[in-house]
Amino acid sequence: MLTARFHQRKVAVVRDSIALGREIRRLVASLARQATEAASSVRGFNLRELNNRLDVMVSRALADMRDKLADFGRRSFESAVRSLLKAMPRDVLVAIVQPRQQQEAEEPIEVRGRWELEGLPRGELEAAVKSMLFDPPNRNEIDNWLRTSLPGGKSWDERLKAWVEQTRAAFLTQITQGLAAGETPDQIEKRLRPFADGLAYKSERIARTEACRVAERANLAMCDEISDMIAGQQIFAVMDEWTRPHHAARHGRTYWKKPDGTYRDDQGNLLPELPDEPNCRCMTIPVLNMQDIVAETPTLAAGVYTAMAAIPKTPIGAGYEDWWKTASEKERMTAVGVNRYRTVKKLLGRDPEWFELIDAEGKLLPVEVLERETQEERMKRVEAVKAQILQQELAHLGLTRTGGILPARLPGATGREDALRAIEQRIRGE
């Protein structure tokens with residue numbers, strides 16, 4: 001199913017981004033040794049030559065980091081396409097390929113008939129769809145993904161270059177002082193180590209965030225290839241103690257595609273540029289519009305409804321509230337802040353629930369607001385938060401039960417709101 005496939009992809013992306021960050025950290029940390037070796041090979045106090053060697057060394061490190069992120073972007077695009085194709089029923093694969101064979105041909109050609117496509121083994125059918133619909137991004141396209149400015153106005157390489165320049169200047173100063181003092185290479189490297197380690201930590205954080213960014217851009221680029229089938233994007237967060245509560249609150253929120261190509265939620269807010277904060281691991285999962293295909297393939301429509309009805313009525317996947325119930329008090333305080341947690345605990349006379357610390361948008365409330373709030377105001381706010389969470393869970397559960405595929409209509413439904421209402425009735429067994 002589409003949702004499950006993209007969940008698996010998300011887990012792999014986060015895991016691989018952590019591994020990439022560690023790899024980048026080791027690469028940057030090795031600059032201390034490389035700079036020491038460069039200093040040892042320079043005769044006398046030739047600062048110009050030493051400076052040039054340091055420039056070459058750090059430029060190579062930046063280029064290596066960019067290459068690794070570009071490769072991550074290519075692999076992320078492949079994983080997005082693979083996740084989509086593996087989740088598609090055979091009828092859908094055949095239906096989306098056949099009309100495009102005619103539409104995209106520059107002159108009349110003999111296209112493969114439906115019977116021939118249906119007769120292909122699953123793997124060959126997926127390969128045919130992939131070759132026709134999904135052109136892998138080239139290096140320039142991936143570089144454009146990486147050049148996009150982060151919130152705050154600077155791209156990752158602009159920020160990193162500034163830190164690198166500071167580190168390079170510190171290297172030059174420390175090497176000069178060490179050579180003047182007649183220190184050994186080991187002593188000089190010891191001087192450089194704190195500066196290299198500081199840059200390595202920043203580089204690891206950037207690499208993790210940017211790896212998730214190119215993976216998200218890869219998913220959206222894949223969706224652009226089948227834009228007529230995309231109904232929206234649904235945000236999914238990683239639910240652990242490091243998840244920001246306002247990111248957890250938007251978990252499951254759907255941003256619907258508008259005529260101008262933008263994605264907006266039901267309040268008109270734009271889909272954020274993910275990741276939208278350092279170390280953010282939120283990503284999107286596409287929601288497909290099956291209107292034309294379902295309308296033209298009655299047997300497929302029946303199959304979608306049958307598959308949805310056959311799915312066991314199990315609870316929604318663990319969300320932030322579920323994590324909160326099993327987390328230790330230390331983990332909870334890490335997530336929302338020690339002072340905020342202890343303040344609300346004292347006000348309530350018990351351990352607080354996570355939704356008692358946030359507003360209806362999922363943002364943590366300032367301590368002074370929580371202290372000033374009356375009991376009636378608190379009850380009213382908590383009810384509003386719960387209502388918002390329930391609405392998101394119903395939407396999330398409805399899409400999950402249809403495999404991330406939202407048909408044009410369900411039996412007795414005339415629009416998206418009616419479709420979600422019909423899904424809700426099925427979930428509740430009405």
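Scope of the values below: all heavy atoms of this structure, side chains included, with no hydrogens, waters or symmetry mates.
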Least distance between heavy atoms, [X] atom then [Y] atom:
{"X": "Arg372", "Y": "Glu377", "value": "O-OE1, 4.3 Å"}
{"X": "Leu27", "Y": "Gln34", "value": "O-NE2, 4.4 Å"}
{"X": "Gly21", "Y": "Glu204", "value": "O-CG, 3.3 Å"}
{"X": "Pro272", "Y": "Arg250", "value": "CG-NH1, 3.8 Å"}
{"X": "Ala211", "Y": "Leu69", "value": "N-CD2, 3.8 Å"}
{"X": "Cys212", "Y": "Met283", "value": "SG-CE, 3.9 Å"}

Taking the side chain as C-beta and beyond, is there a heavy-atom pair between [X] and [Y] under 4.5 Å?
{"X": "Ser203", "Y": "Leu160", "result": "yes"}
{"X": "Ile188", "Y": "Thr184", "result": "no"}
{"X": "Arg378", "Y": "Leu347", "result": "yes"}
{"X": "Gln233", "Y": "Val287", "result": "no"}
{"X": "Phe171", "Y": "Leu50", "result": "no"}
{"X": "Ile235", "Y": "Leu271", "result": "yes"}
{"X": "Leu20", "Y": "Lys68", "result": "yes"}
{"X": "Trp324", "Y": "Val336", "result": "yes"}

Between [X] and [Y], do the side chains contain an N or O donor and an N or O acceptor separated by less than 3.5 Å?
{"X": "Arg208", "Y": "Asn279", "answer": "yes"}
{"X": "Asp260", "Y": "Thr262", "answer": "yes"}
{"X": "Asn219", "Y": "Thr284", "answer": "yes"}

So, taking the atom named [atom1] in [X] and the one named [atom2] in [Y], what distance separates them when rounded to the nearest 0.5 Å?
{"X": "Leu365", "Y": "Leu357", "atom1": "CG", "atom2": "CG", "result": "8.0 Å"}
{"X": "Arg281", "Y": "Ser17", "atom1": "CZ", "atom2": "OG", "result": "8.5 Å"}
{"X": "Ile206", "Y": "Tyr201", "atom1": "CD1", "atom2": "OH", "result": "11.0 Å"}
{"X": "Glu373", "Y": "Glu356", "atom1": "CD", "atom2": "CD", "result": "10.0 Å"}
{"X": "Arg332", "Y": "Arg340", "atom1": "CZ", "atom2": "CZ", "result": "15.5 Å"}
{"X": "Ile24", "Y": "Arg26", "atom1": "CD1", "atom2": "CZ", "result": "9.5 Å"}

Counting only N and O atoms by type, is there a donor-acceptor contact under 3.5 Å from the side chain of [X] to the main-chain atoms of [Y]?
{"X": "Glu126", "Y": "Gly123", "value": "no"}
{"X": "Lys10", "Y": "Phe236", "value": "yes"}
{"X": "Thr173", "Y": "Ala169", "value": "yes"}
{"X": "Ser59", "Y": "Val56", "value": "no"}

Problem set entry | Criterion side chain to side chain contact (heavy atoms under 4.5 Å, CB included) on His251 and His247, from CA distance to verdict | CA-CA 7 Å; His251 175 73; His247 286 197; over 6 Å; no
Output yes when [X] and [Y] qualify as a salt bridge under the 4.0 Å nitrogen-oxygen rule, no when they do not.
{"X": "Arg139", "Y": "Asp143", "result": "yes"}
{"X": "Glu189", "Y": "Arg193", "result": "yes"}
{"X": "Glu210", "Y": "Arg213", "result": "yes"}
{"X": "Glu329", "Y": "Arg342", "result": "no"}
{"X": "Asp71", "Y": "Arg75", "result": "yes"}
{"X": "Glu183", "Y": "Arg191", "result": "yes"}
{"X": "Glu376", "Y": "Arg381", "result": "no"}
{"X": "Arg168", "Y": "Glu165", "result": "yes"}

For this session: Evaluate the criterion side chain to side chain donor-acceptor pair (under 3.5 Å) for residue pair Ser41 and Glu37; output intermediate values, then yes/no.
Result: CA-CA 6 Å; Ser41 64; Glu37 293 174 350; over 6 Å; no
For this session: Carefully, step by step, assess Leu364 and Trp354 under the rule side chain to side chain contact (heavy atoms under 4.5 Å, CB included).
Result: CA-CA 10 Å; Leu364 285 168; Trp354 84 280; over 6 Å; no
For this session: Let me see the working for Thr167 and Val28 under side chain to side chain contact (heavy atoms under 4.5 Å, CB included), right down to the final yes or no.
Result: CA-CA 11 Å; Thr167 302; Val28 175; over 6 Å; no
For this session: Please state whether the rings of Phe134 and Phe77 are parallel, tilted or perpendicular, taking 30° and 60° as the class boundaries.
Result: perpendicular
Problem set entry | Heavy-atom neighbours of Lys330 NZ exceed 12 at 6.0 Å | no
For this session: Would you sort out whether Glu277 and His246 count as a side chain to side chain donor-acceptor pair (under 3.5 Å), showing the intermediate values?
Result: CA-CA 12 Å; Glu277 295 184 69; His246 57 284; 2.9 Å; yes
For this session: Let me see the working for Glu216 and Leu220 under side chain to side chain contact (heavy atoms under 4.5 Å, CB included), right down to the final yes or no.
Result: CA-CA 6 Å; Glu216 174 64 14; Leu220 295 177; 4.0 Å; yes
